[in-house]
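Contents: one structure, followed by commentary.
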Amino acid sequence: MPELPEVETVRRTLAPVLAGATVVAALRGAHPDDILLDPWPVFAQRIRRRRIETLERRGKYLALCLDSADRLLIHLGMTGELRLSHPAAPAGAHCHLALVLRAEGQLPPALVDRRGRFLLRYHDVRRFGRIGLLDPVGWAALSARLGPEPLDPALTAAELWEHLHVRRSPVKAALLDQTLIAGIGNIYADEALFQAGIHPARRCQSLTLADVERLLTALRTVLTEAIASAGTTIRDYRDGTGRAGSYQFRLQVYGKEPGTPCPRCGAALARIRIAGRSSTFCPQCQPLLD
DNA sequence: AACCGGACCTGTATGC
DNA sequence: TGCATACAGGTCCGGT
């Protein structure tokens, strides 16, 4: 579910509430050990009384930066959700972890109790998500494993082409590789390839610099517009305040049934599997040259 | 080394 | 209606 635009939207919606808040305690939910990287007692002890200073995003990872210099790292997997709630609000069936927080400053009365406390709950039906505490060294190591941020203006098409053209895999598979470029998932890979007019099965080796320039431009356009739309909600995804995104109404190819007319040329869209993921594209606008 | 397929989980939609 | 199967936005691991 959550790719870069969704995680960025969660970050933006949570930041005004979480920045400055202090962790009073961590509470175990249904299956905390499936989600947590550390054993429960270690985690609970290390997060207690820490103050959240800022929220960062790197690729699909969200990091709550603590006053201890640790970061609370959250990856939402496929169905992970972070929800702010009043301490008395009932937890859903798949809540695995909650933080009891004490707010700094005024928050909406619907969210906090009389003592100024509220919850941040982690909810995840499929339990593919992961949460852990990382010290600065661990965070640097994780960040170093990831490819560049597509929206970083310092990233150039030439740099991306250097890493792409030596690969033999289909370009779609490369876009999903987080060590090549961070934050792209199945939805935005399909959308960007359509916008760039590149067939998803096209071999990376055959991409010209001009192809990669179009691809990077398309990635940036799609991701920027998706962030402006607060992400894509197919089924589960919600931002930190429970709101759905609206980019699903702007999707050109992702999720369309094969045979649906291409929004640009009217030809029948096709679907194939690449690297185990379904890929929808227009055979007319995205020809497989070589 | 690079790449692919399967595994990890549950829920939902579809077909028989 | 009941049951089996396929599929879903991500990542890791093992085998080739």
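Note that the structure is predicted; figures quoted are calculated from it, not measured. By convention in this document, chain letters (A, B, ...) are assigned in the order of the sequence lines, proteins followed by strands, and residues within each chain are numbered from 1.
For A:H86 and A:F118, the ring centers sit 6.0 Å or farther from each other.
When the nucleotides B:dC4, C:dC12, C:dG9 are ranked by their closest atom to the side chain of A:R145, C:dC12 comes out on top. With B:dC3, C:dC12, C:dG9 as the choices, the nucleotide that has an atom nearest any side-chain atom of A:M78 turns out to be C:dG9.
For the OP1/OP2 pair of C:dT11 and a distance below 4.0 Å, the side-chain nitrogens and oxygens of A:H75 include at least one atom meeting the criterion. The side chain of A:K60 places no N or O atom within less than 4.0 Å of a non-bridging phosphate oxygen (OP1 or OP2) of C:dG9. Side-chain N/O atoms of A:Y254 include one lying less than 4.0 angstrom from OP1 or OP2 on C:dG9. For the OP1/OP2 pair of C:dA8 and a distance below 4.0 Å, the side-chain nitrogens and oxygens of A:R273 include at least one atom meeting the criterion. Within the structure, every side-chain polar atom (N or O) of A:Q178 is placed at least 4.0 Å from both OP1 and OP2 of C:dG10.
A:S279 and A:K172 share a side-chain donor-acceptor pair at under 3.5 Å. Side-chain polar atoms of A:E6 and A:Y188 form a donor-acceptor pair below 3.5 angstrom.
Between A:D190 atom CG and C:dG9 atom P there is a gap of 9 Å when expressed in whole angstrom units. Regarding A:Q205, its CD atom lies at a distance of 12 Å from the P atom of B:dA2, rounded to whole Å. Between A:L164 atom CG and B:dA2 atom P there is a gap of 13 Å when expressed in whole angstrom units.
Following chains of ILVMFWY side-chain contacts shorter than 4.5 Å, one cannot reach A:V7 starting from A:L146, and the two form parts of different hydrophobic clusters.
With both ends at atom P, the span from C:dC13 to B:dC9 equals 14 Å, rounded to whole Å. Nucleotides C:dT5 and B:dA7 place their P atoms 15 Å apart, quoted to the nearest Å. On the P atoms, B:dT14 is 16 Å away from C:dG9, given to the nearest whole Å.
Look at A:R277 and A:D190 and you find no salt bridge, because none of the NZ, NE, NH1 or NH2 atoms lies under 4.0 Å from a carboxylate O.
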Quiz item: What string of B, S and - do you get for nucleotides 9-16 of chain B, 5' to 3', if B is base contact, S is sugar-phosphate-only contact and - is no contact with any protein heavy atom under 4.0 Å?
Solution: BBSS----
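Residue A:P5 is classed as having no contact, given no heavy-atom separation below 4.0 Å to the nucleic acid.
Shown here is A:R102, whose CZ atom has no more than 12 heavy atoms of other residues, nucleotides or ligands within 6.0 Å.
Ring-plane geometry between A:H123 and A:H94 is classed as perpendicular, the angle between the planes exceeding 60 degrees on a 0 to 90 degree scale with a lower cut at 30.
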